[in-house]
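Comments concern the structure below.
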Protein chains: 2
Amino acid sequence: MAEREGGSDELGGDEPLRILLVEDDQTLGDAVKTHAVRQGHAVDWAKDQDNAEACLAAVQYGLILLDLRLPDGHGLNILKALRARRDKTPVIILTAHDQVSDRIEGLNAGADDYLVKPFDLGELEARIHAVARRYGAHQVPMIEIGDLQIFPSERRVTRSNGEQLALSAREWAVLEMLSVRRNAIVGKSQIEEALYSFGAEIESNTVEVYVSRLRRKLGRATIETVRGIGYRMVSDER
Amino acid sequence: MAEREGGSDELGGDEPLRILLVEDDQTLGDAVKTHAVRQGHAVDWAKDQDNAEACLAAVQYGLILLDLRLPDGHGLNILKALRARRDKTPVIILTAHDQVSDRIEGLNAGADDYLVKPFDLGELEARIHAVARRYGAHQVPMIEIGDLQIFPSERRVTRSNGEQLALSAREWAVLEMLSVRRNAIVGKSQIEEALYSFGAEIESNTVEVYVSRLRRKLGRATIETVRGIGYRMVSDER
DNA sequence: CGCTTGCTGACATGGACCTGAAGGGCCAGA
DNA sequence: TCTGGCCCTTCAGGTCCATGTCAGCAAGCG
């Protein structure tokens, strides 16, 4: 069976989105998986067709990320088999930019969307949310913290008075991280890894800088420092 | 049964239009289906008469696109059978330019409209909207964003003061894409692919150019840039 | 009081994005 | 057929902004 990680019931009790990632490329798979896990999704990673089908037989997924070029066969088979048994689990196809026919075949075989490699992880997240929302499942509608309303699926924050806050990519990443795991202490290193997906080690106080910038925009009181460990956001209604 | 794809309830909760495409030509079918799916319709594709009738028996469609020349019989049979059982589902016939008699027979048998191959996908979309509107079903009446009223089915935008905005084809394509998925972030690549139906990869900043022009016509604030990902339109009333 | 840890303003840099302008294609009308 | 106008696409220059880094200061903690 494939690698399993993430999700569980840590996220304030919300059901996580179960994702099956079918991808043979180690690097890309790593990046996608770690990113998705950080977003609070539960990810199984299958590196070939056999594995993928074993997973599908065992678990009911909320979303499938499907690379079409696999070592032991074409990913289309998986998709077709799925649809043949009237399984409507949303599927997002991952293809290289020159595999146009793959894309078309994929959509026609019942895929819901596709992404062209190399893709931005932010865009992946947007598509995941779009598809998940379309199926009405697993959306986290809103997180309310203090006078902030945070919409993870829309990458949006508003204040109670309706004011929209403009956040940069990194700022949003930090805020999302903290708000999804609200009431829990989030380690500095965890945040750092969320910012610099995999590898790219950084050696300065970037996290502190972004927390600072966030506090300026959100209001000082929203992010609490836990000395020596990290940060946390507390929502009063628990 | 036929291939099924697309639609669901993605368009802000509006029911999608269920289309049955009856067409044996692979290429044409691909083009029509992918285009329609992109417009948010739900498409079943039957490649022969048997298949088509199986679909019709199982599902209540909002529209049927019917090629008359099929491998296992004449599409007219399908249409006649349909009307014989007083099914009023709108039907658009697809014929080659030299099949004049087909067209006449088709209309006499109760078709609502016809298209001559090869046809422009934009024209197809227009006819689909026209027929759908005529039947009062499935039209997205209006999308209101800021002081704009957008009528997707009529390819029309007005400002609150009644002023009518003139948009070019590409400008409209971008606006439609963004307004139909309002409040969601739409990737640049997604918009690009909506402009250049599949494949025709473009390597310049066309999308940016059209966004720029749109902003000039619509007002700066209407389209928001999400750096590194794409664009979005936000409608305040949610 | 001294040490560690965290905060924040400033700044250089690169990249993402915007937009005006130019050239070409297509179509309608002369 | 020619012409003008509209639209599309590309390109280049410019602007704006996100980012990472650092240094100096503040705050906790022994």
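Here is the naming used below: chain letters follow the sequence lines, and residue numbers restart at 1 for every chain. Predicted model, so just to flag it, every value in this text is computed and none were measured.
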Which residues share a salt bridge (charged side-chain N to carboxylate O under 4.0 Å, His left out) with B:Arg227, sequence neighbours left out:
none
To the nearest Å, give me how far apart CD1 (B:Ile223) and C1' (C:dC17) are.
14 Å
With a cut-off of less than 4.0 Å, is there a side-chain N or O of A:Ser204 near OP1 or OP2 of D:dT21?
yes
Taking side-chain contact (heavy atoms from CB on, under 4.5 Å) as the test, write out the residues that go with A:Ser179, two or more places apart.
A:Ile143, A:Ile145, A:Ile150, A:Met233
Pair up each side-chain donor or acceptor in residues 207-214 of chain B with any protein partner under 3.5 Å, not counting sequence neighbours, and list the distances.
| unit_1 | atom_1 | unit_2 | atom_2 | d |
| --- | --- | --- | --- | --- |
| B:Glu208 | OE2 | B:Lys188 | NZ | 2.8 |

Starting at CD of A:Glu224 and ending at C1' of D:dA27, how long is that distance when rounded to a whole Å?
16 Å
Five pairs at each end of the helix from C:dC1-D:dG30 to C:dA30-D:dT1: take the axis at both ends and give me the angle between them to 10°.
30°
Can you name the residues that form a salt bridge (charged side-chain N to carboxylate O under 4.0 Å, His left out) with B:Lys217, not counting sequence neighbours?
B:Glu171
Atom-pair distance (NZ on A:Lys217; P on D:dC17), nearest Å
11 Å
Partners passing side-chain contact (heavy atoms from CB on, under 4.5 Å) against A:Thr225 (at least two apart in sequence or in another chain):
A:Arg215, A:Tyr231
Round to a whole Å and report the spacing from CD1 of A:Ile191 to C1' of D:dG20.
17 Å
Find the distance A:Glu171:CD to D:dC17:P and express it as a whole number of Å.
13 Å
For the side chain of A:Arg159 and the backbone of A:Leu218, is there at least one donor-acceptor N/O pair under 3.5 Å apart?
yes
Just jot down the side-chain contact (heavy atoms from CB on, under 4.5 Å) partners of A:Glu224, sequence neighbours excluded, or say none.
A:Arg232, A:Val234
Can you sort out the partners of A:Ile229 under side-chain contact (heavy atoms from CB on, under 4.5 Å), two or more places apart, ordered by chain and number?
A:Ile185, A:Val226
Going 5' to 3' along nucleotides 5-15 of chain C, which nucleotides have protein heavy atoms under 4.0 Å from the base (write B), which only from the sugar-phosphate (write S), and which from neither (write -)?
BSBBSB----B
